Amino acid sequence: MNDIFIGCALREHRTSKEPGLYGRVIHLDIRADLVVVSRVPGKNKLGHQKNYVQRPVHSNLSNLQSQVQAGKFSVVEFDTPSHWLLTSEQLKQNLTCGLQRTSRRALRKWVLRRAKAYQLIRPFVHERSIEQILMDPILPGWPAKRSKELNLKGCSQVQRALNAYLLALGLRNGLLPGYANCGNPNKQKFSKTKTGRPTEFGTERPDLSGLNCNKQDRQIFEKGWKKFKKPGVSVRTAFQKTLEEWFCKSVRWNGVTAVVTLEPRAEKFTAKQFEYWGTRAPDALSANAIEKGETAAKREFMRRQGKTKDRYLTANGEAFLDSTSCDQTMVSCASRLKVLSSPWRTDVMGAATDYIFGHHVGFENPSAMTALMALLHAAEDKVEYCARHGITIKSRDWLSMTFRQILMDNGEGKGQLVMRTLESMQSGASYGSAYDSINKAPQESKHRSTQRNIDHLMPGSTMGRRARRGEPDRASLARLNFFEYMPQLIKHVLHHNNVERIALPTIEMRQDEVEPTRRGVVEWMTANGYMTSAPTDLAALRIQCLPLLKGCLGSGGLKLYDPTSSGKRIIPMLIFSSDWLQRSGMLDRAHSKVWQLEAHLNPSDLSKVWVNLGGLKCLHLKTQDPDMFKMTLLDWIAVSRDDRLHGYLGLVEKTRESVDRIASIKHATKEANRERTAEIKAQGVKPTKTEQRRDKRDNTAVERSAMTGLPRPPKRTSPPQANKAPAETSFTQPIAQSQPMALGYQDVIRALREL
């Protein structure tokens, strides 16, 4: 936003300080190249907002526009103060404007102050526009003239009222006192003197009069209440633990006894102060509520008239979305000895019929990603998904649906990613209180039913709680992997949707003899127009819902980078390709340059990814191992990490072996040098280079004869001797002798060389 308009705010960017609000544009004249900016009150040294409003500043529009282009200022929307939006009825009736707690604001007094301030400037501003006021030539001297008429000592009151009126663009509530200095709702009050009823000994002993809690003390009491006040722990015990934790000055040990010295101010605090300020935290409970076993998430009311699903009249109008643990301890698909943590399940349930339209099951913690993937699964056809887990169904057995409204809690669904995605999908979202099942009670009940009928019957189940004393270790009981668990869960969902009998919601369905199952109700509602318009573009849903993974397109296909690594580490054995990609010629061009891409992948399904290459294209995993299709992304990353660990350990062993080899070679060379020196010393003359290169073939033949035991002399280049018979006898003599290798190896070689 770079265009300056009337009513916008200017944010100043300073190099030495953080960016701050500079002022508000209250007048603009393009022809006259004029802009008028009203300065916004700043803050003093103590951080409190100033009450006085400065005079408007007249400047050139072109100059200000150039400063905006240069980055000195930025144009933003003006955030109207909340007390400017109060109506006259609210001010006169002293309403709290929907606040949960009472407020100290005296709004009736605010009306009087506003009326008094307006009377100061009424003759000049009544029934006049902002442009007329600013362009009036008597504007600079009018506040002083008005002050003399009213017999005021100075013109500051008139000038402040006029400037505030201009800053609010003629809104009278701009004359109200500064909201930050007049008791914000739920704003704590700090007093210098001790509040409350004075103690009995307050006048006699000032040191016993007590002490007010400052802002830091109140925050400490809130933390101490949250940390130490538990069921069975009294308020006084929690107060004493808080003093020992945060107000301890020193600890001196007398044997095994600790002598704690508290800060002097801490000795004046009381348990009543601790309880009062400890329960003022937004999510704090009273002492009685804690003793009853309530938590910060529970509501005081848990019942409503009627059923939740009675409020929804269309098949795809609203849906519940929530995540829960699978209450299972599983093993890796690669090894039965590698134990994994419990997976998480995110279900999408139709609000009108409790029909489970989709889910996402994986080892990823509940997040915006898992919520979006569950919504995508609800919109997709489930035939291929079930076939991947060994279950054959038809499209009618598990219907697909997109929804107009998604009801979630303040957990995985409340985030900018989900909000923007639902907005782009032309869908909406509503949020209930966190950890409160009353807003989506049917889905919470279904979670418990699934865990009781599936998860708790399998080996290694966590039973939805911590292990009790004496129970066997769940890791030792884990037997099943992810792809052995999923068929049981899918069958349970299919039974819930297609087989389980329900009471038909309306008389009209009974008259039409609708099948008394959730599938029958959904099909009847779809056929009879009980539908709401909702998006159905699966390509757009995949782009918006599937998580993005960075990758690169090489000559072999698409490879993905490890999302758990900060660098560009390629996940081994995950290469994706397709016939379309082979025919497109992109792989040929990837020989010279690697393309950096982003792929959409379901972490629980490694069989395919989606890439935007001139349109959304599906690439399939290239592997000859059918078990690779039964691996999840996190499981395969863990296996790859083990492979890297083995490779690292192998590298260490290889390094050790190389160092040992170098040391051995060094030792053998040293021994050889010693023997060589001894032989040269025995001969008395060091052989020349020519002598060392001479007779290589004869020496090699002798060496081979010594190693094999079958001496075969080479062809000599010297002239043959006259008497050949003795020569033949001499060459065959070692063969007639028994076992020449019985001698020492070096002795045999020397004997052969002397022949």
Side-chain angles (χ1 to χ4, degrees), residues 47 96 98-105 180 183-202 207-252 257-302 366 409-412 414 431-439 465-466:
T96 58
L99 300 177
Q100 296 295 331
R101 299 180 180 178
T102 58
S103 172
R104 298 189 306 274
R105 301 179 302 176
N184 290 338
N186 302 331
K187 183 178 180 181
Q188 297 181 0
K189 182 178 180 180
F190 299 96
S191 303
K192 296 182 180 179
T193 59
K194 181 68 174 68
T195 58
R197 180 170 38 172
T199 59
E200 181 180 359
F201 307 100
D207 58 325
L208 299 179
S209 60
L211 185 68
N212 273 339
C213 297
N214 56 26
K215 183 177 181 180
Q216 182 181 4
D217 298 335
R218 296 175 185 181
Q219 292 176 351
I220 291 176
F221 285 162
E222 291 178 1
K223 295 178 182 178
W225 184 268
K226 183 177 181 180
K227 182 176 181 180
F228 297 115
K229 184 62 184 80
K230 305 294 181 183
V233 180
S234 64
V235 175
R236 182 164 296 276
T237 301
F239 170 62
Q240 294 168 354
K241 290 183 178 180
T242 303
L243 294 181
E244 189 274 335
E245 179 79 13
W246 279 285
F247 295 96
C248 178
K249 185 177 181 180
S250 63
V251 179
R252 179 173 54 86
T257 303
V259 180
V260 180
T261 303
L262 296 176
E263 298 178 5
R265 62 191 181 96
E267 297 177 352
K268 298 183 180 182
F269 294 141
T270 63
K272 288 292 184 181
Q273 287 178 301
F274 169 71
E275 182 178 6
Y276 180 82
W277 293 114
T279 54
R280 288 301 181 274
D283 57 347
L285 297 175
S286 63
N288 292 334
I290 294 176
E291 292 298 331
K292 291 178 181 179
E294 295 185 9
T295 62
K298 286 187 177 180
R299 302 279 296 273
E300 296 181 358
F301 60 94
M302 292 300 296
D409 55 21
N410 289 278
E412 62 277 358
K414 191 170 186 180
Y431 302 95
S433 301
Y435 303 100
D436 193 354
S437 61
I438 191 64
N439 296 281
R465 54 174 172 78
R466 294 176 179 268

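As the structure is a prediction and not an experimental result, all values here were calculated from the model.
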Of all the heavy-atom pairs spanning Val233 and Glu291, show the shortest one and how long it is.
-> O-OE2, 3.8 Å
Around atom CZ of Arg265, are there more than 12 heavy atoms of other residues, nucleotides or ligands at under 6.0 Å?
-> yes
Counting only N and O atoms by type, is there a donor-acceptor contact under 3.5 Å from the side chain of Arg252 to the main-chain atoms of Val259?
-> no
Kindly indicate, with the supporting measurements, whether the criterion side chain to side chain contact (heavy atoms under 4.5 Å, CB included) is fulfilled by Thr242 and Phe221.
-> CA-CA 7 Å; Thr242 303; Phe221 285 162; 4.3 Å; yes
Can you tell me how far OG of Ser234 sits from CD of Glu275, rounded to the nearest 0.5 angstrom?
-> 10.5 Å
Atom of Arg236, atom of Ala271 and distance for their closest heavy-atom approach = NH2-CB, 4.0 Å
Hey, is Lys227 close enough to Glu245 for a salt bridge, meaning N to O under 4.0 Å?
-> yes
Which of these passes ring pair (Phe, Tyr, Trp, His ring centres under 6.0 Å) with Phe239: Phe247, Trp225, Phe274?
-> Phe274
Asn214 CG to Ile220 CD1 distance, which is reported to the nearest 0.5 Å = 8.0 Å
Over all heavy atoms of both residues, which pair between Val251 and Ala258 is shortest? Give the atoms and the distance, please.
-> CG1-CB, 4.1 Å
Trp246 and Glu263: which non-hydrogen atoms are nearest, and at how many Å?
-> O-OE2, 4.4 Å
Greater than 12 external heavy atoms within 6.0 Å of Arg466's CZ = no
Could you grab the distance from atom OG1 of Thr261 to atom CD of Glu267, nearest 0.5 Å is fine?
-> 9.0 Å
Thr279 versus Ala284, closest heavy-atom pair with distance = CA-CB, 3.8 Å
What pair of heavy atoms forms the shortest contact from Glu222 to Trp277, and how long is it?
-> CG-O, 3.2 Å
Are the side chain of Gln273 and the backbone of Thr270 linked by a donor-acceptor contact shorter than 3.5 Å?
-> yes
How many angstroms lie between atom NZ of Lys241 and atom NZ of Lys229, to the nearest 0.5 angstrom?
-> 10.5 Å
